[in-house]
Novice: 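This is the structure I have questions about; it appears just below.
Whatever order the structure lists ligands and atoms in, that order sets their numbers, starting from 1. All residue numbers in this chain count up from 1 along the given sequence.
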Amino acid sequence: MSEVTVLSSLDARRLRADFPILGRHVHGKPLAYLDSAASAQKPTAVLDIERSFYETSYTNVHRGVYELAAEATEAFEGAREKVRALLNAQSTREVVFTRGATEALNLVAYAWGLDNLGPGDIVVVTELEHHSNFVPWQYVAQRTGARFTVIPVDEAAELRLDALDEIASQGRVKAVAVGIVANSIGTVNPVEDIARWAHQQGAICVLDAAQAAPHRSLDVQALGCDFLALTGHKMLGPTGIGALWGRAELLEQMAPFNLGGEMIRSVTLERTTWNELPHKFEAGTPPIAQAVGFGAAIDYLASVGYEAIGCHERDLTAYALEGIGAIDGVTILGPPLERRGGIVSFVVDGIHPHDVAQILDYEGVAVRAGHHCTQPLMERFGITATTRASFYLYTLEEEIDRLVEGLGRVKKTFA
Ligand code: C6P
(Lines give C-alpha, C1' and ligand atoms only; values in the text may rest on other atoms or scores of the structure.)
Protein backbone atom coordinates (compact mmCIF):
# COMPACT_ATOMS: atom_id res chain seq x y z
CA MET A 1 0.00 0.00 0.00
CA SER A 2 1.06 3.62 -0.52
CA GLU A 3 3.50 5.41 1.76
CA VAL A 4 1.89 7.41 4.56
CA THR A 5 3.95 8.30 7.60
CA VAL A 6 2.04 7.77 10.81
CA LEU A 7 3.24 10.27 13.39
CA SER A 8 1.88 9.46 16.80
CA SER A 9 2.54 11.21 20.04
CA LEU A 10 1.65 8.07 21.90
CA ASP A 11 3.46 4.78 21.73
CA ALA A 12 0.66 2.35 20.88
CA ARG A 13 3.02 -0.62 20.86
CA ARG A 14 4.06 0.13 24.43
CA LEU A 15 0.46 0.75 25.55
CA ARG A 16 -0.60 -2.62 24.15
CA ALA A 17 1.36 -4.32 26.90
CA ASP A 18 -1.34 -2.99 29.26
CA PHE A 19 -4.08 -4.91 27.40
CA PRO A 20 -3.69 -8.67 27.96
CA ILE A 21 -6.29 -9.66 25.35
CA LEU A 22 -4.34 -7.99 22.56
CA GLY A 23 -1.70 -10.70 22.93
CA ARG A 24 -4.05 -13.50 21.87
CA HIS A 25 -4.41 -15.28 18.55
CA VAL A 26 -7.57 -15.93 16.53
CA HIS A 27 -7.64 -18.68 13.90
CA GLY A 28 -3.90 -19.01 14.44
CA LYS A 29 -3.26 -15.33 13.62
CA PRO A 30 -2.51 -12.48 16.01
CA LEU A 31 -5.71 -10.66 16.88
CA ALA A 32 -6.11 -7.32 15.05
CA TYR A 33 -8.94 -5.79 17.06
CA LEU A 34 -10.58 -3.15 14.87
CA ASP A 35 -13.93 -2.99 16.64
CA SER A 36 -13.39 -0.56 19.50
CA ALA A 37 -16.49 1.44 18.53
CA ALA A 38 -18.51 -1.62 19.59
CA SER A 39 -16.56 -1.98 22.83
CA ALA A 40 -13.01 -1.18 23.89
CA GLN A 41 -10.57 -3.68 25.42
CA LYS A 42 -9.55 -3.31 29.07
CA PRO A 43 -6.16 -2.42 30.53
CA THR A 44 -4.80 -4.27 33.57
CA ALA A 45 -5.29 -1.08 35.63
CA VAL A 46 -9.07 -1.55 35.22
CA LEU A 47 -9.02 -5.34 35.65
CA ASP A 48 -6.81 -5.11 38.76
CA ILE A 49 -8.82 -2.45 40.52
CA GLU A 50 -12.09 -4.35 40.13
CA ARG A 51 -10.49 -7.49 41.50
CA SER A 52 -8.81 -5.72 44.43
CA PHE A 53 -12.02 -3.82 45.22
CA TYR A 54 -13.91 -7.11 45.48
CA GLU A 55 -11.07 -8.66 47.48
CA THR A 56 -10.60 -5.85 49.99
CA SER A 57 -13.37 -3.24 50.13
CA TYR A 58 -16.55 -4.67 48.69
CA THR A 59 -20.03 -4.36 50.12
CA ASN A 60 -23.15 -2.40 49.25
CA VAL A 61 -22.93 1.40 49.23
CA HIS A 62 -24.80 4.19 51.10
CA ARG A 63 -26.29 1.67 53.52
CA GLY A 64 -23.96 0.31 56.18
CA VAL A 65 -22.32 2.15 59.08
CA TYR A 66 -19.37 -0.23 59.29
CA GLU A 67 -15.87 0.43 57.98
CA LEU A 68 -16.20 -1.69 54.84
CA ALA A 69 -19.38 0.14 53.86
CA ALA A 70 -17.62 3.47 54.26
CA GLU A 71 -14.74 2.29 52.07
CA ALA A 72 -17.03 0.94 49.36
CA THR A 73 -19.11 4.12 49.37
CA GLU A 74 -15.97 6.24 49.17
CA ALA A 75 -14.68 4.26 46.18
CA PHE A 76 -18.06 4.48 44.43
CA GLU A 77 -18.49 8.20 45.08
CA GLY A 78 -14.84 8.73 44.13
CA ALA A 79 -15.68 7.32 40.69
CA ARG A 80 -18.55 9.79 40.42
CA GLU A 81 -16.12 12.62 41.13
CA LYS A 82 -13.87 11.34 38.32
CA VAL A 83 -16.80 11.49 35.88
CA ARG A 84 -17.63 15.00 37.09
CA ALA A 85 -14.07 16.16 36.53
CA LEU A 86 -13.90 14.42 33.14
CA LEU A 87 -16.89 16.43 31.94
CA ASN A 88 -16.12 19.64 33.83
CA ALA A 89 -19.55 19.41 35.42
CA GLN A 90 -20.32 21.83 38.23
CA SER A 91 -21.26 19.21 40.79
CA THR A 92 -21.40 15.45 41.38
CA ARG A 93 -25.13 16.02 42.00
CA GLU A 94 -25.36 16.28 38.21
CA VAL A 95 -23.75 12.88 37.54
CA VAL A 96 -26.15 9.93 37.56
CA PHE A 97 -24.70 6.45 37.18
CA THR A 98 -26.58 4.29 34.69
CA ARG A 99 -26.00 0.92 33.02
CA GLY A 100 -24.73 2.66 29.90
CA ALA A 101 -25.60 5.29 27.32
CA THR A 102 -28.82 3.50 26.41
CA GLU A 103 -30.21 3.74 29.91
CA ALA A 104 -29.01 7.34 30.26
CA LEU A 105 -30.86 8.36 27.08
CA ASN A 106 -33.99 6.44 28.06
CA LEU A 107 -33.89 8.18 31.44
CA VAL A 108 -34.07 11.61 29.80
CA ALA A 109 -36.62 10.61 27.17
CA TYR A 110 -38.95 9.12 29.78
CA ALA A 111 -38.38 11.25 32.87
CA TRP A 112 -38.17 14.57 31.01
CA GLY A 113 -40.15 13.74 27.89
CA LEU A 114 -43.31 12.25 29.39
CA ASP A 115 -43.89 15.37 31.49
CA ASN A 116 -42.74 18.03 29.05
CA LEU A 117 -43.96 16.96 25.61
CA GLY A 118 -47.39 17.12 24.06
CA PRO A 119 -49.30 17.87 20.86
CA GLY A 120 -47.78 20.79 18.92
CA ASP A 121 -44.30 20.04 20.28
CA ILE A 122 -41.45 18.73 18.15
CA VAL A 123 -38.72 16.29 19.13
CA VAL A 124 -35.73 16.47 16.81
CA VAL A 125 -33.08 13.79 16.37
CA THR A 126 -30.83 13.15 13.37
CA GLU A 127 -30.66 10.58 10.61
CA LEU A 128 -27.27 9.56 12.02
CA GLU A 129 -28.48 8.51 15.45
CA HIS A 130 -27.82 5.19 17.09
CA HIS A 131 -31.16 3.53 17.91
CA SER A 132 -30.50 4.36 21.59
CA ASN A 133 -30.89 8.05 20.82
CA PHE A 134 -33.63 7.53 18.25
CA VAL A 135 -36.13 4.93 19.43
CA PRO A 136 -36.74 6.32 22.97
CA TRP A 137 -37.54 9.74 21.49
CA GLN A 138 -39.72 8.31 18.74
CA TYR A 139 -41.59 6.26 21.35
CA VAL A 140 -42.04 9.07 23.87
CA ALA A 141 -43.16 11.42 21.08
CA GLN A 142 -45.81 8.86 20.08
CA ARG A 143 -46.88 8.45 23.71
CA THR A 144 -47.26 12.20 24.24
CA GLY A 145 -48.63 13.23 20.85
CA ALA A 146 -45.53 15.25 20.00
CA ARG A 147 -44.15 15.28 16.48
CA PHE A 148 -40.92 13.34 15.87
CA THR A 149 -38.58 14.55 13.15
CA VAL A 150 -35.00 14.12 11.97
CA ILE A 151 -32.28 16.43 10.71
CA PRO A 152 -31.37 14.79 7.39
CA VAL A 153 -27.83 14.14 6.16
CA ASP A 154 -26.19 14.87 2.83
CA GLU A 155 -24.32 12.41 0.61
CA ALA A 156 -21.25 12.60 2.87
CA ALA A 157 -23.42 11.71 5.91
CA GLU A 158 -23.05 15.23 7.32
CA LEU A 159 -25.99 16.99 8.94
CA ARG A 160 -27.94 19.35 6.70
CA LEU A 161 -28.25 22.31 9.03
CA ASP A 162 -30.08 24.16 6.24
CA ALA A 163 -33.09 21.99 7.21
CA LEU A 164 -33.33 23.54 10.68
CA ASP A 165 -35.52 26.52 9.71
CA GLU A 166 -38.02 24.24 8.01
CA ILE A 167 -38.12 22.03 11.13
CA ALA A 168 -38.66 25.03 13.40
CA SER A 169 -41.54 26.24 11.21
CA GLN A 170 -43.53 23.07 11.97
CA GLY A 171 -44.23 23.74 15.66
CA ARG A 172 -42.55 24.23 19.03
CA VAL A 173 -39.16 22.50 19.08
CA LYS A 174 -38.88 21.16 22.65
CA ALA A 175 -36.07 18.58 22.56
CA VAL A 176 -33.07 18.12 20.28
CA ALA A 177 -31.10 14.90 20.72
CA VAL A 178 -27.86 14.45 18.76
CA GLY A 179 -24.80 12.23 18.85
CA ILE A 180 -21.43 13.95 19.01
CA VAL A 181 -19.76 11.28 16.85
CA ALA A 182 -21.91 8.98 14.71
CA ASN A 183 -21.16 5.34 15.49
CA SER A 184 -21.76 3.68 12.16
CA ILE A 185 -20.10 6.18 9.86
CA GLY A 186 -17.89 8.39 12.02
CA THR A 187 -19.37 11.84 11.33
CA VAL A 188 -18.40 14.45 13.94
CA ASN A 189 -21.39 16.75 14.36
CA PRO A 190 -21.30 20.52 15.04
CA VAL A 191 -23.00 20.00 18.38
CA GLU A 192 -22.21 23.44 19.84
CA ASP A 193 -24.12 25.04 16.93
CA ILE A 194 -26.99 22.60 17.37
CA ALA A 195 -27.13 23.26 21.13
CA ARG A 196 -27.29 27.01 20.43
CA TRP A 197 -30.09 26.51 17.91
CA ALA A 198 -31.98 24.26 20.33
CA HIS A 199 -31.85 26.92 23.03
CA GLN A 200 -32.97 29.62 20.57
CA GLN A 201 -36.07 27.47 20.04
CA GLY A 202 -36.59 27.09 23.80
CA ALA A 203 -35.67 23.39 23.56
CA ILE A 204 -33.39 21.20 25.62
CA CYS A 205 -30.29 19.74 23.95
CA VAL A 206 -29.34 16.13 24.71
CA LEU A 207 -25.95 14.87 23.53
CA ASP A 208 -25.06 11.23 23.05
CA ALA A 209 -21.33 11.11 23.81
CA ALA A 210 -20.99 7.31 23.63
CA GLN A 211 -18.59 7.52 20.67
CA ALA A 212 -16.99 10.82 21.65
CA ALA A 213 -16.03 10.42 25.31
CA PRO A 214 -13.54 7.59 24.62
CA HIS A 215 -11.61 9.77 22.17
CA ARG A 216 -11.87 13.48 22.98
CA SER A 217 -12.12 15.67 26.02
CA LEU A 218 -15.61 16.99 26.69
CA ASP A 219 -16.67 20.02 28.68
CA VAL A 220 -20.41 20.11 29.28
CA GLN A 221 -20.28 23.80 30.14
CA ALA A 222 -18.51 24.69 26.88
CA LEU A 223 -20.71 22.36 24.82
CA GLY A 224 -23.77 24.22 26.07
CA CYS A 225 -25.95 21.10 26.30
CA ASP A 226 -28.49 20.14 28.98
CA PHE A 227 -27.88 16.40 29.15
CA LEU A 228 -25.03 14.18 28.02
CA ALA A 229 -24.83 10.38 27.96
CA LEU A 230 -21.69 8.25 28.37
CA THR A 231 -20.97 4.53 28.37
CA GLY A 232 -18.04 3.06 30.30
CA HIS A 233 -17.29 -0.03 28.21
CA LYS A 234 -16.30 2.04 25.17
CA MET A 235 -13.88 4.01 27.38
CA LEU A 236 -11.75 1.04 28.48
CA GLY A 237 -14.06 0.50 31.45
CA PRO A 238 -16.30 -2.42 32.45
CA THR A 239 -19.68 -3.20 30.93
CA GLY A 240 -22.83 -2.32 32.86
CA ILE A 241 -21.77 1.20 33.81
CA GLY A 242 -22.34 4.57 32.18
CA ALA A 243 -23.45 7.99 33.22
CA LEU A 244 -25.95 10.69 32.52
CA TRP A 245 -24.86 14.24 33.15
CA GLY A 246 -27.75 16.67 33.45
CA ARG A 247 -28.14 20.28 34.51
CA ALA A 248 -29.13 20.22 38.17
CA GLU A 249 -32.18 22.47 37.74
CA LEU A 250 -33.62 20.13 35.10
CA LEU A 251 -32.82 16.96 37.05
CA GLU A 252 -34.47 18.52 40.10
CA GLN A 253 -37.69 19.23 38.18
CA MET A 254 -37.87 15.74 36.69
CA ALA A 255 -39.81 12.80 38.10
CA PRO A 256 -37.78 9.67 38.83
CA PHE A 257 -37.25 7.06 36.14
CA ASN A 258 -36.88 3.85 38.17
CA LEU A 259 -38.43 3.42 41.60
CA GLY A 260 -37.38 1.35 44.58
CA GLY A 261 -34.65 1.36 47.18
CA GLU A 262 -32.13 4.18 47.55
CA MET A 263 -34.03 6.74 45.46
CA ILE A 264 -36.51 7.64 48.23
CA ARG A 265 -36.38 10.08 51.11
CA SER A 266 -39.41 8.71 52.96
CA VAL A 267 -42.11 6.14 52.24
CA THR A 268 -45.48 5.94 53.95
CA LEU A 269 -48.69 4.17 53.03
CA GLU A 270 -49.94 7.41 51.50
CA ARG A 271 -46.93 8.90 49.83
CA THR A 272 -43.27 8.60 48.83
CA THR A 273 -40.82 11.47 48.53
CA TRP A 274 -37.63 11.41 46.53
CA ASN A 275 -34.01 11.38 47.59
CA GLU A 276 -31.71 14.24 46.63
CA LEU A 277 -29.68 14.32 43.41
CA PRO A 278 -28.21 12.21 42.00
CA HIS A 279 -29.67 9.37 44.12
CA LYS A 280 -33.23 10.16 43.02
CA PHE A 281 -32.29 8.53 39.70
CA GLU A 282 -30.32 5.58 41.08
CA ALA A 283 -32.90 3.07 42.31
CA GLY A 284 -31.61 -0.22 43.69
CA THR A 285 -28.08 -1.45 44.24
CA PRO A 286 -25.91 0.34 41.68
CA PRO A 287 -23.13 -1.27 39.61
CA ILE A 288 -20.55 -0.61 42.33
CA ALA A 289 -17.42 -2.44 41.20
CA GLN A 290 -18.18 -1.39 37.62
CA ALA A 291 -18.18 2.27 38.72
CA VAL A 292 -14.84 1.77 40.47
CA GLY A 293 -13.47 0.19 37.28
CA PHE A 294 -14.89 3.05 35.23
CA GLY A 295 -13.03 5.48 37.49
CA ALA A 296 -9.78 3.58 36.85
CA ALA A 297 -10.45 3.74 33.09
CA ILE A 298 -10.91 7.50 33.30
CA ASP A 299 -7.58 7.75 35.14
CA TYR A 300 -5.93 5.59 32.50
CA LEU A 301 -7.27 7.78 29.67
CA ALA A 302 -6.03 10.86 31.51
CA SER A 303 -2.58 9.33 31.93
CA VAL A 304 -2.32 8.81 28.15
CA GLY A 305 -3.97 12.14 27.36
CA TYR A 306 -6.86 12.89 25.01
CA GLU A 307 -4.68 15.01 22.77
CA ALA A 308 -2.30 12.14 22.12
CA ILE A 309 -5.21 9.73 21.64
CA GLY A 310 -6.87 12.08 19.13
CA CYS A 311 -3.65 12.60 17.24
CA HIS A 312 -2.94 8.87 17.03
CA GLU A 313 -6.45 8.06 15.84
CA ARG A 314 -6.44 10.80 13.26
CA ASP A 315 -3.22 9.44 11.77
CA LEU A 316 -4.64 5.92 11.72
CA THR A 317 -7.88 7.11 10.14
CA ALA A 318 -6.00 8.98 7.41
CA TYR A 319 -3.94 5.85 6.79
CA ALA A 320 -7.05 3.65 6.62
CA LEU A 321 -8.97 6.05 4.35
CA GLU A 322 -6.06 6.00 1.94
CA GLY A 323 -5.46 2.24 2.09
CA ILE A 324 -9.09 1.11 1.93
CA GLY A 325 -10.03 3.90 -0.47
CA ALA A 326 -7.44 2.67 -2.99
CA ILE A 327 -9.09 -0.76 -3.31
CA ASP A 328 -11.15 -1.20 -6.46
CA GLY A 329 -14.82 -1.88 -5.80
CA VAL A 330 -14.73 -0.62 -2.20
CA THR A 331 -16.77 2.46 -1.30
CA ILE A 332 -16.13 4.30 1.95
CA LEU A 333 -19.12 6.09 3.43
CA GLY A 334 -19.00 9.28 5.45
CA PRO A 335 -17.26 12.63 5.69
CA PRO A 336 -13.65 13.69 5.03
CA LEU A 337 -10.96 13.15 7.64
CA GLU A 338 -11.41 16.61 9.21
CA ARG A 339 -14.95 15.80 10.35
CA ARG A 340 -14.58 12.10 11.07
CA GLY A 341 -13.80 10.12 14.22
CA GLY A 342 -11.67 6.95 14.18
CA ILE A 343 -14.28 4.99 12.23
CA VAL A 344 -14.19 3.81 8.60
CA SER A 345 -17.36 2.18 7.27
CA PHE A 346 -17.41 0.73 3.79
CA VAL A 347 -19.17 -1.56 1.33
CA VAL A 348 -17.52 -3.97 -1.08
CA ASP A 349 -19.29 -4.26 -4.47
CA GLY A 350 -21.38 -7.43 -4.67
CA ILE A 351 -20.22 -8.92 -1.34
CA HIS A 352 -22.35 -8.86 1.79
CA PRO A 353 -20.68 -7.14 4.78
CA HIS A 354 -21.16 -10.27 6.89
CA ASP A 355 -19.15 -12.29 4.35
CA VAL A 356 -16.48 -9.58 4.35
CA ALA A 357 -16.24 -9.66 8.15
CA GLN A 358 -16.16 -13.46 8.22
CA ILE A 359 -13.23 -13.74 5.84
CA LEU A 360 -11.41 -10.98 7.69
CA ASP A 361 -11.98 -12.97 10.90
CA TYR A 362 -10.13 -15.96 9.39
CA GLU A 363 -7.22 -13.53 9.01
CA GLY A 364 -7.47 -12.56 12.68
CA VAL A 365 -8.98 -9.16 11.85
CA ALA A 366 -12.04 -8.30 13.97
CA VAL A 367 -14.41 -5.75 12.40
CA ARG A 368 -18.14 -5.24 12.79
CA ALA A 369 -20.63 -5.89 10.01
CA GLY A 370 -24.30 -4.96 10.09
CA HIS A 371 -26.53 -1.93 10.41
CA HIS A 372 -24.72 -0.85 13.59
CA CYS A 373 -28.05 0.00 15.27
CA THR A 374 -28.61 2.77 12.71
CA GLN A 375 -31.26 1.39 10.39
CA PRO A 376 -32.65 4.80 9.32
CA LEU A 377 -29.16 5.82 8.21
CA MET A 378 -28.69 2.59 6.24
CA GLU A 379 -32.03 3.24 4.57
CA ARG A 380 -30.93 6.78 3.69
CA PHE A 381 -28.02 5.32 1.73
CA GLY A 382 -30.07 2.51 0.21
CA ILE A 383 -28.11 -0.26 1.94
CA THR A 384 -28.82 -2.68 4.76
CA ALA A 385 -25.35 -2.99 6.25
CA THR A 386 -21.70 -1.93 6.08
CA THR A 387 -18.40 -3.31 7.27
CA ARG A 388 -16.92 -1.04 9.92
CA ALA A 389 -13.36 -0.74 11.18
CA SER A 390 -12.78 1.41 14.24
CA PHE A 391 -9.60 2.43 15.98
CA TYR A 392 -8.38 3.29 19.45
CA LEU A 393 -5.26 4.17 21.37
CA TYR A 394 -3.86 0.62 21.04
CA THR A 395 -4.45 0.26 17.29
CA LEU A 396 -1.36 -0.21 15.10
CA GLU A 397 -0.79 0.86 11.52
CA GLU A 398 0.14 -2.72 10.67
CA GLU A 399 -3.32 -3.88 11.76
CA ILE A 400 -4.79 -1.60 9.12
CA ASP A 401 -2.35 -3.12 6.61
CA ARG A 402 -3.74 -6.52 7.55
CA LEU A 403 -7.29 -5.23 7.04
CA VAL A 404 -6.37 -3.94 3.58
CA GLU A 405 -4.62 -7.21 2.67
CA GLY A 406 -7.62 -9.13 4.02
CA LEU A 407 -9.94 -7.15 1.78
CA GLY A 408 -7.81 -8.26 -1.17
CA ARG A 409 -8.41 -11.85 -0.06
CA VAL A 410 -12.15 -11.19 0.30
CA LYS A 411 -12.30 -9.98 -3.30
CA LYS A 412 -10.31 -12.96 -4.56
CA THR A 413 -12.57 -15.40 -2.69
CA PHE A 414 -15.71 -13.94 -4.22
CA ALA A 415 -14.26 -13.24 -7.68
N1 C6P B 1 -22.75 1.40 19.87
C2 C6P B 1 -21.59 0.10 18.20
O3 C6P B 1 -21.07 -0.95 17.77
P4 C6P B 1 -24.61 1.14 25.25
O5 C6P B 1 -24.94 -0.13 24.53
O6 C6P B 1 -25.73 1.64 26.10
O7 C6P B 1 -23.31 1.04 25.96
O8 C6P B 1 -24.33 2.23 24.10
C9 C6P B 1 -25.31 2.47 23.14
C10 C6P B 1 -24.83 3.45 22.13
C11 C6P B 1 -25.37 4.73 22.14
N12 C6P B 1 -24.95 5.68 21.29
C13 C6P B 1 -23.98 5.41 20.39
C14 C6P B 1 -23.52 6.51 19.49
C15 C6P B 1 -23.40 4.14 20.32
O16 C6P B 1 -22.44 3.92 19.43
C17 C6P B 1 -23.85 3.13 21.20
C18 C6P B 1 -23.31 1.74 21.11
C19 C6P B 1 -22.13 0.12 19.60
O20 C6P B 1 -21.63 1.10 17.51
C21 C6P B 1 -23.03 -1.05 19.85
S22 C6P B 1 -24.47 -1.02 18.83
Novice: Please determine if Glu103 has a nitrogen or oxygen closer than 3.5 Å to a nitrogen or oxygen of ligand 1.
Specialist: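 N/O-N/O distance under 3.5 Å: no.
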Novice: What do the steps show when you test Lys42 against His233 for side-chain contact (heavy atoms from CB on, under 4.5 Å), and what is the final call?
Specialist: CA-CA 8 Å; Lys42 319 302 173 201; His233 70 92; 3.9 Å; yes
Novice: So, 4.0 Å and heavy atoms of Asn133: is ligand 1 close enough to count as a contact?
Specialist: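 Judged by the 4.0 Å heavy-atom criterion, Asn133 does not count as contacting ligand 1.
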Novice: With a 3.5 Å cut-off and no angle check, do the side chains of His372 and Thr386 form a donor-acceptor pair?
Specialist: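 Side-chain D/A pair, His372 to Thr386: present.
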Novice: Less than 4.0 Å is my threshold; does some heavy atom of Ala37 fall inside it relative to ligand 1?
Specialist: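 It does, in that a heavy atom of Ala37 comes within the 4.0 Å cut-off of ligand 1.
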Novice: Give a yes or no answer on whether the side chain of Asn133 reaches the backbone of Asp208 with a donor-acceptor pair at less than 3.5 Å.
Specialist: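 Checked: no pair found.
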Novice: Does ligand 1 have any atom that is closer than 4.0 Å to a heavy atom of His131?
Specialist: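 Outside the 4.0 Å threshold, so no.
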Novice: Identify, for atom 6 (O) of ligand 1, the protein heavy atom at the shortest distance, and state residue, atom and that distance.
Specialist: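 Of the protein heavy atoms, Thr102 OG1, 2.6 Å lies nearest.
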Novice: Using the six-membered ring wherever Trp is involved, compare the ring planes of Tyr110 and Tyr139 and label them parallel, tilted or perpendicular (cut-offs 30° and 60°).
Specialist: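 Correct class here is tilted.
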Novice: Between His279 and His62, how do the two ring planes meet: parallel, tilted or perpendicular, split at 30° and 60°?
Specialist: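 Geometry flag for His62 against His279: perpendicular rings.
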Novice: With under 30° as parallel and over 60° as perpendicular, where do the rings of Phe19 and Tyr394 fit, or are they tilted in between?
Specialist: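 Ring orientation, 0 to 90° scale: perpendicular.
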Novice: Output yes when the distance from some N or O of ligand 1 to some N or O of Lys234 is under 3.5 Å, and no in every other case.
Specialist: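 Among all N and O atoms of Lys234, at least one is under 3.5 Å from an N or O of ligand 1.
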Novice: Hey, is ligand 1 close enough to His372 that some N/O pair sits below 3.5 Å?
Specialist: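 Between His372 and ligand 1 (N or O atoms, distance only) the closest approach is not under 3.5 Å.
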